[in-house]
Number of protein chains: 2
Amino acid sequence: MKRDISIKETILRGSDFFMPSVSLDCVIFGFHENELKVLLLRMKNADTWALPGGFIYKKEDIEDAATRVLRERTGLHDIFLRQFHVFGQPSRSEKKFHSNMLRKDGIKVNKDNWILQRFITVGYYALVDFATVTPEPDPSSVACEWKDIHSIQELFMDHKHILDTALYTLRMQLNHVPIGHKLLPKKFTMPELQKLYETILDKKLDRRNFQRRILSFGFIKRLKETRKGGAHKAPYLYSFDLKKYKKALEEGLQGGW
Amino acid sequence: MKRDISIKETILRGSDFFMPSVSLDCVIFGFHENELKVLLLRMKNADTWALPGGFIYKKEDIEDAATRVLRERTGLHDIFLRQFHVFGQPSRSEKKFHSNMLRKDGIKVNKDNWILQRFITVGYYALVDFATVTPEPDPSSVACEWKDIHSIQELFMDHKHILDTALYTLRMQLNHVPIGHKLLPKKFTMPELQKLYETILDKKLDRRNFQRRILSFGFIKRLKETRKGGAHKAPYLYSFDLKKYKKALEEGLQGGW
DNA sequence: ATTCATTGCGTCGTTATGACACAATAATAC
DNA sequence: GTATTATTGTGTCATAACGACGCAATGAAT
């Protein structure tokens with residue numbers, strides 16, 4: 001698979017190797033300091049942040065294209081990835097906006113250039129371990145950073161809407177998706193796991209009832225170590241029994257939060 | 001919006017008014033005689049059944065396109081419709097297969113005709129009241145019929161996979177989707193509602209516990225009438241309190257089945 | 001009038017859930 | 001080095017929810 005094609009090349013010759021009218025965007029979730037984060041790109045020549053996205057090669061599976069984009073932005077392989085929605089309103093592709101950006105970039109395009117056509121975009125969300133990610137801007141960006149979910153007001157095009165939909169979907173699929181295993185490091189404490197659930201659900205949970213319920217599922221084992229260093233009593237570390245976790249998620253965790 | 005464009009016109013000139021490389025397919029669910037049904041088309045010149053589908057006009061919202069396809073096949077307006085997945089494997093568009101079908105149809109196309117390009121398709125599922133539907137074949141079909149979910153072995157292209165995914169999604173979203181209101185007539189009996197759940201879940205439920213749980217939600221009212229005519233004791237008729245039903249679905253019905 | 005499958009309306013014991021109490025612990029303040 | 005303090009580990013208790021099941025009422029068929 002080709003990589004690192006220049007912007008200019010992409011825009012002028014993209015129609016030779018990319019599917020027309022279809023793109024994809026990724027909402028990459030991470031968890032750090034008790035906050036749910038999303039990986040965003042700071043765009044060149046536009047005063048906004050955007051979701052990492054890309055195009056699909058003519059013979060490439062969309063899923064593979066998403067994996068490729070994820071790998072390029074995070075350096076990670078084997079990412080948990082899920083398609084959640086297609087955004088297809090005609091109004092989402094604004095020609096003027098695009099041509100302006102391209103002009104600032106010093107690229108002249110014809111009125112009928114493929115990039116100015118109407119695009120639909122396939123939304124994917126990913127769950128990654130914050131600590132192991134190396135954010136990497138793409139050729140059309142000047143920065144790639146984690147942003148707190150709550151701090152995000154406005155994004156490029158309809159990306160805020162895409163983000164909101166991703167978050168809504170994540171909440172809906174909470175009992176079928178390995179948030180704990182994918183968003184936390186291998187070893188974690190019970191309060192950390194609880195905070196993760198609280199952050200995603202945007203809701204406080206009772207500490208003791210949470211622990212009872214999580215443990216009753218049977219896919220979390222307590223280790224002999226504790227997490228020293230923090231003030232106050234040192235909490236135990238836990239890890240997932242991946243086999244049992246996977247099986248439980250297939251059926252869906254029972255009960256609501 | 002244009003309608004009833006001939007097949008030939010669509011294939012030869014389609015690229016003038018349709019989006020390239022994107023189509024949509026609809027899985028239309030109905031419920032009749034205690035069976036979950038899907039509306040299928042019998043294709044001309046191919047010995048298979050297919051899901052109703054279509055293309056998207058260049059300035060048409062995909063959602064509107066799906067509504068249009070639904071209206072054309074069922075005669076219904078105001079259909080419950082939900083996008084559930086995009087199918088984007090390159091292998092799903094098989095050029096040879098298509099050109100063969102077209103040849104039988106007496107239509108000659110260039111090798112680079114838009115219809116022979118790779119297509120991705122957006123899947124929608126719909127819930128409709130069986131009794132009020134008038135199945136209507138499209139120009140490329142010879143029949144449009146309801147088929148029992150369990151009787152479907154093989155379909156056109158990857159449509160069986162699309163159908164299976166729709167059914168899986170419906171099961172996942174069961175507690176958030178108005179299956180009762182959309183799939184049943186306005187007045188229905190408790191056994192009918194139970195059969196609906198049993199059919200979708202493919203699982204027997206206890207009659208008395210089902211009734212207790214459904215009624216505890218509070219969005220179903222018992223009417224003064226009973227359904228006479230069947231053998232044995234005449235069951236009461238019920239109907240939905242739509243306001244309460246909608247509210248309960250937004251939160252999601254609590255508990256599993 | 002009798003039969004019989006189905007419906008309406010319950011009971012009962014077990015399990016799950018929400019609310020809360022109290023002791024143990026580890027860093028920090030004194 | 002001892003006291004302080006916020007946090008963690010563990011458990012209780014009343015209530016609600018759930019699964020399994022009993023039995024009488026009904027209404028078409030015999």
Side-chain angles (χ1 to χ4, degrees), chain A residues 33-35 174-175 180 184-185 187-199 201-240 244 248-249 251-257, chain B residues 33-35 174-175 180 184-185 187-199 201-239 244 248 251-257:
Chain A
E33 289 177 342
N34 289 340
E35 291 290 354
L174 203 58
N175 284 350
L184 294 176
K187 299 175 182 181
F188 55 90
T189 66
M190 196 55 75
E192 284 165 0
L193 183 60
Q194 185 183 336
K195 274 289 171 201
L196 174 59
Y197 272 89
E198 289 184 337
T199 311
L201 293 165
D202 204 18
K203 180 190 202 169
K204 281 235 163 295
L205 300 172
D206 183 274
R207 184 174 66 84
R208 294 148 288 189
N209 295 335
F210 176 82
Q211 164 142 333
R212 178 176 54 194
R213 202 145 108 71
I214 281 285
L215 290 178
S216 78
F217 292 139
F219 50 65
I220 281 178
K221 1 177 230 271
R222 192 169 88 176
L223 307 177
K224 298 232 168 93
E225 321 160 55
T226 56
R227 160 107 72 237
K228 310 254 180 184
H232 317 304
K233 180 165 180 175
Y236 279 104
L237 287 171
Y238 293 82
S239 71
F240 283 93
K244 289 184 186 167
L249 288 172
E251 320 259 323
L253 306 190
Q254 290 311 304
W257 302 94
Chain B
E33 288 176 342
N34 290 339
E35 291 290 355
L174 202 60
N175 283 352
L184 294 176
K187 299 174 182 182
F188 53 91
T189 67
M190 195 56 73
E192 283 165 0
L193 183 60
Q194 184 183 336
K195 275 287 171 201
L196 174 59
Y197 272 89
E198 289 185 338
T199 311
L201 293 166
D202 205 18
K203 177 192 205 170
K204 280 234 164 298
L205 300 172
D206 182 275
R207 184 173 66 84
R208 294 147 289 189
N209 295 336
F210 176 82
Q211 164 142 334
R212 179 176 54 193
R213 203 146 107 71
I214 282 284
L215 289 179
S216 78
F217 292 138
F219 51 64
I220 281 177
K221 0 176 231 273
R222 192 170 88 178
L223 307 177
K224 299 235 167 88
E225 322 160 55
T226 56
R227 160 106 71 237
K228 310 255 180 185
H232 316 304
K233 181 166 178 174
Y236 279 104
L237 287 171
Y238 292 83
S239 72
K244 289 184 186 168
E251 320 260 325
L253 305 190
Q254 290 311 305
W257 301 93

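For the numbers below, each heavy atom of this structure counts, side chains included, while hydrogens, waters and symmetry mates do not. Just so it is clear: chains get the letters A, B, ... in the order the sequence lines come, proteins before strands, and each one is counted from 1.
Each of B/A234 and A/G229 was matched to the nucleotide of DNA chain C holding its nearest heavy atom; the match closer to the 5' end belongs to B/A234. A residue-by-residue look at B/Q254 and B/D206 shows that B/Q254 has its nearest nucleotide of DNA chain D further toward the 5' end.
The nucleotide whose nearest atom lies closest to any side-chain atom of B/R207 is, among C/dT7, C/dA26, C/dG18, C/dT7. With D/dT10, D/dG27, C/dA26 as the choices, the nucleotide that has an atom nearest any side-chain atom of A/K228 turns out to be C/dA26. Distance from the side chain of B/N209 is smallest for D/dA20 among the nucleotides C/dG8, D/dT8, D/dA20.
Within 6.0 Å of the NZ atom in A/K221, the count of heavy atoms belonging to other residues, nucleotides or ligands exceeds 12.
If you check every strand for non-hydrogen atoms under 4.0 Å, A/R227 touches nothing. Residue B/G255 is classed as having no contact, given no heavy-atom separation below 4.0 Å to the nucleic acid.
Taking atom NE2 on A/H232 and atom C1' on C/dA27, their separation rounds to 7 Å, with Å as the unit. With rounding to whole Å, B/Y236 atom OH is found 7 Å from C/dG8 atom P. Rounded to an integer number of Å, the gap from CG of B/L205 to P of D/dA20 is 11 Å. Rounded to whole angstrom, the span from the NZ atom of B/K203 across to the C1' atom of D/dG19 amounts to 12 Å. The CE-P distance, from A/M190 to D/dT7, rounds to 18 Å in whole Å. Atom CG in A/L253 sits about 15 Å away from atom C1' in C/dA16, given to the nearest Å. Look at CG on A/L215: it is 12 Å from P on D/dG11, rounded to the nearest Å. Here C/dA16 presents its C1' atom at 14 Å from CZ of B/R213, a figure rounded to the nearest Å.
Not a single donor-acceptor pair, N or O on each side, falls under 3.5 Å between the base of C/dG8 and the side chain of B/R212. Evaluation of atom-type donor-acceptor distances gives a pair under 3.5 Å for the side chain of B/R208 against the base of D/dG22. Put simply, the side chain of A/R222 and the base of D/dG9 share no donor and acceptor less than 3.5 Å apart.
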### Query
For A/L223 and A/Y238, what are the C-alpha separation, side-chain angles and deciding distance, and is it a side-chain contact (heavy atoms from CB on, under 4.5 Å)?
CA-CA 5 Å; A/L223 307 177; A/Y238 293 82; 5.7 Å; no
- Item | Residue pair B/T226, B/K233: steps toward the side-chain contact (heavy atoms from CB on, under 4.5 Å) verdict | CA-CA 9 Å; B/T226 56; B/K233 181 166 178 174; over 6 Å; no
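Salt-bridge annotation for B/K195 and B/E192: absent, with no side-chain N of the basic residue lying under 4.0 Å from a carboxylate O of the acidic one.
Put simply, the side chain of B/Q194 gets close to the backbone of B/L205: a donor and an acceptor are under 3.5 Å apart.
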